[in-house]
Amino acid sequence: MASGTDTFVDKNSQLYQNFDHLYQNLFGTESIIIMVEGSDVTNPELLKAMDRAYESTVNIPGVIQVNSPSSIIKDVNYGMMGQSAIPDNREVIDEIISSSVPAYYIPDETHAIMSVVVEATTSDDTKEEILRETRTSVEMADFPGDYNVIVTGDPAFMVEMNEAMNSSMGTLLMISILLMIVVLYLVFKHVRWRLLPLPIVILGIIFTFGAMGYLDIPMTMVSMSAFPVLIGLGIDYAIQFHNRIEEELEHGTSDEQAVINTIKHTGPAVLIALVITALGFFSLFTSTVPMIQDFGKLLMIGIVMCFLASLFVGVTVLYGFHKISEKNLLSKIGLKKQSAKKKVSSMELSEHEPDFLEKALKSISGFSIKHSVLVIAIAGSLCVGGLFVDTMVPIQTDTQTFVPQDLPALIDLTHMAEILGGEDQLNLIVKTDDNTDSELLAWIDEFSQHEVDGRSHIYGSNSIVDLIKAQNGGEIPDSSAEVAALYEQIPDVQKESYLHGNSILLVNLEIGNAMGELGLMGIGELTDVVEDDILWMAPPPGAEVTITGNSVVFVEVISALTSGRTMMTLLGIVMVFLGLLVIYRDLLKAFTPVITMIMVVGWSGGLMYYTGLEYTPMTATLGALILGVGSEYAILMMERYFEEKEKGADPEQAMEEASVKIGKAIVTSGATTVFGFSALIASPFSITSNFGLITVIDVFLALLATFVIFPPVIVTLDKFKEKRRSHAAIGRESKLIDTHESNTIPEGITT
C-alpha cells in the first residue's frame with residue numbers, strides 16, 4: 001500500500017520538492033484532537049482529568065508534544081504559587097485562563113481542546129497506534145460523567161475512513177462475484193461448465209498481484225478500482241475462448257482440431273482486442289499524477305495476465321474436461337454429465353432452433369442494417385450533442401462528499417470545525433541567509449498582518465515573530481544579536497515549529513475551513529492572491545518566499561486528475577485508430593471500431609449531463625477506460641464478420657451470422673461486467689458508487705453500440721468499399737481491352 005505525497009505528486013516536480021522536502025520533513029505536523037464538551041469546562045475536576053490525559057498521552061512513542069489548557073494552568077500556577085497542580089480555587093483558574101490560556105484551547109465556556117501532535121511524516125501504521133493509545137489514555141483519565149469527550153482530527157478521520165473503505169470494498173467484491181456467477185449461469189447456459197470463466201479470470205488476477213510485487217508497483221486508493229475493471233475485461237477473454245471451443249465441438253470437429261481452430265480464429269481476434277485495449281489505456285500515462293500512471297501499469301499488466309490465463313489455462317482445462325466427459329467421469333465429481341461429442345450433419349445444424357437471445361440479436365442487427373441511414377443519423381446527432389454538453393458536466397472535488405455522511409469520524413470532524421472554525425492553512429516557506437535578520441522579521445510581521453486584515457478568508461497567522469514579540473514586550477529587536485539572544489530563550493519545541501537551521505522560516509496563514517467554504521477553486525484563487533501580494537510587498541533582498549501546504553498540493557492534484565480527461569480521451573481515440581491501422585493496414589477496419597466508441601463517449605457525456613451525475617477524480621479517467629473496454633467488443637464482432645464473409649456470405653448475412661454466433665459471448669461478458677460493477681453502486685462511499693454507476697452505464701452503451709451502431713456502419717462502409725473495388729476492377733478490364741484492341745494489326749495490313 002502507498003498513500004504518501006509521492007502517490008499524488010511526481011517526486012521530481014517542484015511542487016513535491018516544496019511540500020515534502022521543505023514543509024513536511026522540516027515543519028509538518030498533524031494533530032489528534034481531544035475535544036471536551038460540557039456545561040463548564042473550567043471545572044477543577046474536569047481540568048484534573050485533562051491533566052491525567054495529558055500526562056498519559058505525552059509519553060506515547062511518536063508523540064512530539066501535547067498541548068493542553070491543563071498544562072498551561074499548572075505552569076502558571078507554579079510560577080504564582082510554587083505548586084505544579086490544578087488549583088481548586090475557581091477564581092484563580094478563571095484568572096489564569098483569561099490571562100494565559102490561548103482562546104484556541106478554551107474557545108468558550110462549554111468546550112476545551114487538547115492536541116496530540118505527531119510528525120506529518122509518521123507512517124500510517126504508527127498514527128493508527130498513537131490514535132489507539134490516545135483513546136486508551138482518555139478512557140483511563142476518568143473524565144466526569146456529565147462531560148462528552150471526542151477524539152477527532154485528520155489522523156482519526158483518515159484511519160476510520162480507510163477502515164470503512166477496506167471493509168466495504170471486501171463486501172462489494174464478494175457481491176460482485178456472486179452477481180457474476182448468477183449472470184454466467186443465466187446467460188452462458190448454451191455451453192458446458194458455464195462458471196469456468198470466473199476461476200480463470202481470478203487466476204489472472206492472482207498473476208497480476210504477483211507481477212505487481214515483482215515489478216514493485218504499489219497499491220493505491222485509485223489502483224484498487226482496477227480489479228473490478230480487470231475482472232470485467234479478463235472474463236471476456238475466457239468467455240470468448242470458451243464459447244468458440246464449444247462451438248467447434250458442437251459442429252463435430254475433432255477434439256484436437258477444435259483447439260486448433262479456437263486458437264487460430266479466436267486467439268488473434270482476442271489478442272488484437274487486447275492490444276487495442278492497451279492502447280486505449282496508454283493515455284493514462286499522460287497524467288502527471290503518479291497513482292494514475294500506476295493505475296495504467298496495473299491495467300496493462302492485468303489484461304496480459306488474464307489473456308495468458310484464458311489462452312493457456314482456460315483452453316487446456318476445457319480440453320481436459322471434454323476428454324474426461326467423453327469417459328463419463330465428471331458425474332463422479334458432481335459436475336453435469338454431458339454426452340460425448342457427436343458428429344452433426346449439416347441438415348441437423350440447419351434445423352437447430354435458435355433461442356430467444358439469438359433471435360433478438362439477429363433481429364436487432366437486421367433492423368439496424370435495414371434502417372442504417374436513420375440509425376446512424378440519430379446516433380450521430382446524440383453523440384454530437386453529448387460531446388457538447390459533456391463540457392458542462394460538473395466535477396465534484398469536495399473530498400468530504402466522497403465519504404458516507406453518517407461516518408462517525410466525519411461527524412466529529414465537522415463538529416470540531418464548527419467549534420474551532422477549521423484548521424486549513426497556507427504555509428509560506430521563507431528562505432534566507434540569516435534568520436536573525438530583524439528587517440526580515442519585520443517584513444513577516446507586516447505581511448502577515450496585511451493578509452489577515454486585507455483578505456476575508458485569512459483569519460490569522462503564526463510565525464516565529466509571535467514568539468519573539470512575546471519575549472520582547474511586543475516589539476521586534478533592531479539587531480540580529482538581540483534576535484539571536486531571544487531565540488536562545490525560546491523552548492526548542494516551540495522554536496523548531498517555525499525555524500530550521502539558520503536559513504529557513506515558516507509562516508502559517510490560517511484559512512479556517514477553506515475546503516468547505518471556498519472549495520478547491522476558491523483555495524486556488526486565494527493562493528494566487530497571496531502570491532500577487534508577495535510580489536507587491538516583496539521581502540528584503542536575499543529572501544525568497546514559497547507557498548505550499550496540504551491545500552495547495554490538493555488543488556494541483558485534483559486539477560491534474562480532472563482537467564486532462566478530454567485530452568486523455570482524444571489521445572486514446574488516436575492511439576486506438578493508429579493501432580488498428582498498423583495491425584490491419586485497412587482504413588475500414590481501423591475506422592469502424594473507433595467511430596463506434598466515439599458514439600459511446602458522446603452518449604455517456606450526454607447521459608451524465610441530463611441525469612445530473614458528476615465527474616470525480618476516480619471517474620475522470622473513464623473516457624480512456626471505456627474506450628479500451630468497448631473497442632474490444634467491436635473488434636471481436638468485426639473479426640467474426642470478416643470470417644463469415646470469407647466463407648462466402650454477403651455483408652448482411654455475414655453481419656447477422658456474426659451477431660448470433662459471437663453475440664452471445666459478447667452479451668455474456670458485457671452482462672457479467674455490468675452485474676459485477678453494479679455491486680459498487682451499493683457502496684456507502686459516493687466516489688465508489690459514482691464510479692460503479694458510470695461504468696455500468698458506459699459498458700451498457702458499449703454493448704448497445706456494438707449491436708446497433710457497428711452493424712450498419714461496417715456493412716455500409718464495406719459495401720461502399722466493394723462497390724469501389726468492383727468499379728476499379730471493371731475500369732482495369734476495360735483499359736486492358738482497349739489496349740489490346742489498339743495493339744491488334746488489322747487484317748490485310750503487312751509490315
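Note: hydrogens, waters and symmetry copies are ignored here, and every other heavy atom, side chains too, is used. None of these values were measured; they are calculated from a predicted model.
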Any ion pair linking E475 and K469 (charged N to carboxylate O, less than 4.0 Å)?
-> no
Is atom CD of E446 surrounded by more than 12 heavy atoms (other residues, nucleotides or ligands) closer than 6.0 Å?
-> no
Are any side-chain N or O atoms of D294 and backbone N or O atoms of I217, one a donor and one an acceptor, separated by less than 3.5 Å?
-> no
Using atom types as modelled and distance alone, determine if a side-chain donor or acceptor of T57 lies under 3.5 Å from a backbone N or O of Y54.
-> yes
Taking everything shown except Y78 itself, do over 12 heavy atoms lie less than 6.0 Å from its OH?
-> no
Flag, side chain of S98 to backbone of E95, donor-acceptor distance under 3.5 Å | yes
So, the side chain of N435 versus the backbone of G501: is there a donor-acceptor pair under 3.5 Å, distance only?
-> yes
Rounded to the nearest 0.5 Å, what separation is found between the CG atom of L505 and the CD1 atom of I464?
-> 7.5 Å
Can you establish whether the number of heavy atoms outside H111 located under 6.0 Å from its atom NE2 is more than 12?
-> yes
Any donor-acceptor pair under 3.5 Å from W443 side chain to M537 backbone | yes
Derivation of the side chain to side chain donor-acceptor pair (under 3.5 Å) call for E614 and N690 | CA-CA 8 Å; E614 297 176 323; N690 179 273; over 6 Å; no
State whether the side chain of N472 and the backbone N or O of G474 hold a donor-acceptor pair below 3.5 Å, judged by distance alone.
-> no
Is the side chain of N59 donor-acceptor paired with the backbone N or O of E55 at a distance under 3.5 Å, no angle test?
-> yes
Hey, what do you get for CG (D437) to OG (S479), rounding to the nearest 0.5 Å?
-> 11.0 Å
Is there side-chain contact between I64 and T29, with at least one heavy-atom pair below 4.5 Å?
-> yes
Answer whether the closest heavy-atom distance between the side chains of L499 and Y487 falls below 4.5 Å.
-> yes
Hey, is the main chain of A53 close enough, under 3.5 Å, to the side chain of S56 for a donor-acceptor pair?
-> no
Are E109 and T42 close enough that some pair of their side-chain heavy atoms sits under 4.5 Å apart?
-> no
Donor-acceptor pair, N77 side chain versus A85 backbone, under 3.5 Å?
-> yes
Do I86 and K74 come close enough that some side-chain heavy atom pair is under 4.5 Å?
-> yes
Does CG in D478 sit with more than 12 non-hydrogen atoms of other residues, nucleotides or ligands closer than 6.0 Å?
-> no
Full working for side chain to side chain donor-acceptor pair (under 3.5 Å) between D412 and H415 = CA-CA 5 Å; D412 292 341; H415 181 52; over 6 Å; no
Report yes if some heavy atom in the side chain of I504 is under 4.5 Å from a heavy atom in the side chain of I429; otherwise report no.
-> yes
Within-4.5 Å side-chain heavy-atom neighbours: Q471 and I490 = yes
Hey, is CE on M140 packed in by over 12 heavy atoms from elsewhere, all under 6.0 Å?
-> no
Assess the side chains of D434 and T436: does a donor N or O sit below 3.5 Å from an acceptor N or O?
-> yes
Decide yes or no for I511 and L526: does some side-chain heavy atom of the first lie under 4.5 Å from some side-chain heavy atom of the second?
-> yes
Rounding to 0.5 Å, atoms CD (E544) and OG1 (T432) come to a distance of 10.5 Å
When the ring planes of F282 and F285 are compared, do they come out parallel, tilted or perpendicular, using 30° and 60° as the limits?
-> tilted
Identify whether the distance between the nearest side-chain nitrogen and carboxylate oxygen of E129 and R132 falls below 4.0 Å.
-> yes
Kindly compute the distance separating OH (Y105) from CD1 (I113), expressed to the nearest 0.5 Å.
-> 10.0 Å
Determine, for E488 against K495, whether the closest basic-nitrogen to carboxylate-oxygen distance falls under 4.0 angstrom.
-> no
Min side-chain heavy-atom separation D424-S551 under 4.5 Å | yes
Does V117 offer a backbone N or O that forms a donor-acceptor pair with the side chain of S115 under 3.5 Å?
-> no
Hey, mind stepping through S70 and S68 against side chain to side chain donor-acceptor pair (under 3.5 Å) and telling me if it holds?
-> CA-CA 5 Å; S70 64; S68 171; 2.7 Å; yes
Does D51 pair with K48 as a salt bridge, N-O distance under 4.0 Å?
-> no
Separation between CD1 of I411 and CG of D406, rounded to the nearest 0.5 Å | 6.5 Å
